[in-house]
Amino acid sequence: MQWTLQLIDVATLTGAVVSALGDIATGSVTKDGTFLQELITSSRRAGEKIWPLPSYPEFWYKLKRLL
């Protein structure tokens, strides 16, 4: 059995993010800064743009409550 080390979910973003970034870049949210830098580097090699969005503790608290 293989285990996933990182999960990337690329999906339709909320209207506010689309308003801010349009179809120029993908917004990203993560608590793992090292992973984010690896993702941004990889996206640049692929000709894609990723813009980091805020990752505040309050966000993660609300997300945990939804799960």
Side-chain angles (χ1 to χ4, degrees):
M1 180 184 305
Q2 293 182 327
W3 294 95
T4 301
L5 298 177
Q6 299 289 344
L7 173 66
I8 302 170
D9 179 14
V10 179
T12 303
L13 297 171
T14 65
V17 174
V18 172
S19 293
L21 303 177
D23 62 356
I24 304 301
T26 298
S28 67
V29 177
T30 181
K31 293 192 287 185
D32 187 338
T34 301
F35 173 69
L36 178 60
Q37 290 309 311
E38 292 171 0
L39 183 63
I40 290 171
T41 299
S42 296
S43 72
R44 286 182 182 152
R45 282 193 297 249
E48 300 291 336
K49 295 178 175 76
I50 295 180
W51 186 262
L53 300 171
S55 178
Y56 301 118
E58 296 87 354
F59 170 78
W60 295 103
Y61 173 75
K62 287 184 177 186
L63 186 60
K64 280 184 180 179
R65 287 182 38 208
L66 294 173
L67 300 176

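Numbering of residues begins at 1 and proceeds along the displayed sequence. Keep in mind that the numbers below use all heavy atoms, side chains included, and drop hydrogens, waters and symmetry copies.
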Side-chain donor/acceptor pairs under 3.5 Å, residues 28-37, sequence neighbours excluded:
| unit_1 | atom_1 | unit_2 | atom_2 | d |
| --- | --- | --- | --- | --- |
| Thr30 | OG1 | Asp32 | N | 3.0 |
| Asp32 | OD1 | Thr34 | N | 3.2 |
| Asp32 | OD1 | Phe35 | N | 3.0 |

So which atom in Ile40 and which in Pro52 form the shortest heavy-atom distance, rounded to 0.1 Å?
CD1-CG, 4.2 Å
Can you check whether Thr26 reaches Glu48 side chain to side chain, under 4.5 Å on heavy atoms?
no
